[in-house]
Each structure stands twice: as C-alpha cells, then as structure tokens.
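This report concerns only the one structure given below.
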Amino acid sequence: MSQLTFDLDAMIHEMDVAAAPAWTGAPLHFTTGYWNPADLDAAWNRYLFENGHFNCLQASHMWHRPYIQEKPLAVGAHTMDRFEADLRHSHLCPGSRYQSDTPCTCLGSTLYQAICTACGWHHISSSENDMLGAWHDHAMPGWRTLPVAPEGWRNDMSGKLSKNGREFLDAYPTEWTFAGAPILTARSGIGTRAVPGRSPFGGYDFAAEVIR
C-alpha cells in the first residue's frame, strides 16, 4: 500500500472524527466512579473510533471487557458485568519520549471491576479474586461459609464426579443449588483463580484457601 493511500485514510479518519458529535458519555480515560456497563462499552468504542487499537489498553487506562468475555452472571435481582483497566506505564504518558499533556494515571498494575446494574453497585480491586468475592458478598451473602468440596471430588478433564464427590453433593445444602450459585473447592499452589461456570450450578468455583 502506498504512502498516498495511508495519508488519504488518515485524512478521511480525521474528517470522520471531526464530524462526530461531541462526546458526553463516560470518561475517555480512567475513572473510579460508577458507570453503567453500557456507558463504559460506548466510551470504549468511542475511544477506539478516535484513536485506534494501537496500545489502546495502556494509552487510555480505560475500563474495558476482559479479552475472554463472559456472559454477565445473573442471580435473582443481581447481575455482574466484569471490566478491567490496564494502569501499567504507557509510552504516551508524561516522562516518556512520547510526551502527552494528559496527566499520568499509571499505577503499575491491572484493576478489576464488578458492576451490579440493578443496584447501581460496583467494586474495584487490584485482585480479581477479591473483586469476584465482593460481588458474591453483595449478591449472595453467606456463600463464604459453604462446605468445601474435597480434593479429587471431580475429574478436571471429564467433569465426572468421584465417589466422594457424589457423597459431597448428596449432602450439599439444597438452598445453595440454584442457578449461578458458587462452589468452594480445596485447591492449593498456583491454581487458586476463581473459575467461571465451573460450579455444578453454573456459578464460580472458588479456591477455599483464598477466600477464607
């Protein structure tokens, strides 16, 4: 592709941006305020429209959906939409060789946010497990005291229950078997991330060693 084509594309894009209505939605930068998930999605799309995808996560520090998107979890009147914000240092921040007039908001890590639209509730944390746990505290109080599934209760590959797994679920509290309910499992080492959809009831599988 010739330089002329690149220049024309850039000119057309600049004209499209100039012709777009002034943005009045969620901030096109990092924010800790509550915003509806639809507003955050719209702001993210607007940023990409204006600035493109190159280095968009670190340059914008904006809330965006995780790379591997999950269907929003709904339990009773509560819903959970997940977002992430990359606050690692960007080459566009002040102090870099590509200086910007925008104040630097780099904190050096990724932040995680859970939003319950029905309640206007949200929680931000530097820990994904903490963020997920906070939403479960909000939507399903008491879940942290659930009985813990023993190691080897289910085959990780086939999903089939072992003998002690069947015995565990047979004695499981029936009030915690609703759609979207979590489960606590005995896990150690590095495999302690909360896993979506891994509960027998379609909710999260939490490592008991992490949340207690």
Side-chain angles (χ1 to χ4, degrees), residues 26-27 29-41 43-44 57-58 60-90 104-151 153-154 156 172-173 175-176 178-212:
H29 52 74
F30 178 69
T31 177
T32 58
Y34 172 83
W35 288 90
N36 185 286
D39 292 330
L40 293 179
D41 288 336
W44 180 241
L57 301 183
Q58 290 174 293
S60 69
H61 299 318
M62 288 177 62
W63 292 108
H64 59 278
R65 302 276 182 173
Y67 177 71
I68 300 178
Q69 290 193 28
E70 302 168 16
K71 182 179 179 181
L73 184 60
V75 175
H78 303 285
T79 58
M80 180 176 67
D81 285 82
R82 294 185 51 178
F83 287 85
E84 297 177 1
D86 189 338
L87 298 188
R88 291 174 295 177
H89 190 73
S90 166
C104 181
T105 55
C106 297
L107 297 179
S109 65
T110 299
L111 293 185
Y112 303 89
Q113 179 176 191
I115 300 174
C116 179
T117 307
C119 303
W121 174 97
H122 74 137
H123 180 83
I124 297 172
S125 176
S126 59
S127 164
E128 182 183 37
N129 278 350
D130 174 77
M131 173 270 290
L132 293 169
W135 182 85
H136 282 73
D137 291 337
H138 166 72
M140 293 171 275
W143 71 279
R144 292 179 186 267
T145 60
L146 286 170
V148 180
E151 290 190 27
W153 73 288
R154 177 175 59 186
D156 289 337
Y172 202 74
E175 66 270 23
W176 284 96
F178 54 85
I183 194 168
L184 305 184
T185 55
R187 286 186 274 146
S188 57
I190 61 174
T192 56
R193 179 178 180 269
V195 183
R198 199 179 179 192
S199 160
F201 321 111
Y204 275 82
D205 175 348
F206 285 91
E209 291 80 355
V210 173
I211 62 95
R212 289 185 169 177

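Side chains are part of it too, since the values below use all heavy atoms of this structure and drop only hydrogens, waters and symmetry mates. Here the structure is a predicted model, which means the values were calculated and not measured. In this chain, residues are counted from 1 in sequence order.
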What's the verdict on ring pair (Phe, Tyr, Trp, His ring centres under 6.0 Å) for F201 and W176, showing C-alpha distance, side-chain angles and the deciding distance? CA-CA 9 Å; F201 321 111; W176 284 96; 9.5 Å; no
Side chains of [X] and [Y], heavy atoms from C-beta outward: is any pair under 4.5 Å?
X: W121; Y: Y34; answer: no
X: L87; Y: Q58; answer: no
X: F178; Y: M140; answer: yes
X: R154; Y: R198; answer: yes
X: L184; Y: I211; answer: yes
X: M131; Y: L111; answer: no
X: T79; Y: P72; answer: no

Go through it in stages, so that I can follow the logic: the residues are W143 and F206, the test is side-chain contact (heavy atoms from CB on, under 4.5 Å), and I'd like the CA-CA distance, side-chain angles, deciding distance and then a yes or no. CA-CA 10 Å; W143 71 279; F206 285 91; 3.5 Å; yes
Determine the minimum heavy-atom distance between A43 and P27, stating which atoms define it.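 In terms of heavy atoms, the two residues are closest at CB-O, 4.0 Å.
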Heavy-atom pair with the smallest gap, counting every atom of A77 and A118: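 In this case the closest contact between A77 and A118 is O-CB, 3.1 Å.
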Taking the six-membered ring for Trp, are F83 and H64 closer than 6.0 Å centroid to centroid?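 When the ring centroids of F83 and H64 are compared, they turn out to be at least 6.0 Å apart.
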Quick check: H138 with H78 (ring centres under 6.0 Å apart)?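 Yes, close enough.
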Run the side-chain contact (heavy atoms from CB on, under 4.5 Å) check on I183 and Y172 step by step: do they pass? CA-CA 10 Å; I183 194 168; Y172 202 74; 4.1 Å; yes
Test item: H136 side-chain N/O and G133 main-chain N/O as donor-acceptor pair under 3.5 Å: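 No.
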Any donor-acceptor pair under 3.5 Å from D86 side chain to S60 backbone: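 Flag not set: sc D86 to bb S60 has no pair under 3.5 Å.
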Does the side-chain contact (heavy atoms from CB on, under 4.5 Å) test come out yes or no for S126 and Y112, once each step is laid out? CA-CA 6 Å; S126 59; Y112 303 89; 5.9 Å; no
Over 60° means perpendicular and under 30° means parallel, so tell me whether W63 and F30 are parallel, tilted or perpendicular.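 Tilted.
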Is E209 salt-bridged to R187, cutoff N-O under 4.0 Å?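 No, E209 and R187 are not salt-bridged.
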I'd like to know if R65 and E84 make a salt bridge, using a cut-off of under 4.0 Å between side-chain N and carboxylate O.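 Salt bridge absent between R65 and E84.
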Apply side-chain contact (heavy atoms from CB on, under 4.5 Å) to the pair L132 and R82, showing each step before the final yes or no. CA-CA 9 Å; L132 293 169; R82 294 185 51 178; 4.1 Å; yes
D205-S199 side chain donor-acceptor pair, cut-off 3.5 Å: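 S199 and D205 do not have a side-chain donor-acceptor pair below 3.5 Å.
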What I want to check is whether the side chains of H123 and D137 have a donor and an acceptor closer together than 3.5 Å.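 On atom types as modelled, these side chains do not qualify, holding no pair under 3.5 Å.
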Separation between NE2 of H122 and CG of L40, rounded to the nearest 0.5 Å: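 Spacing of NE2 (H122) from CG (L40) equals 10.0 Å.
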Out of curiosity, I115 CD1 to M80 CE, how far, rounded to the nearest 0.5 Å?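 One gets 11.0 Å once the value is rounded to the nearest 0.5 Å.
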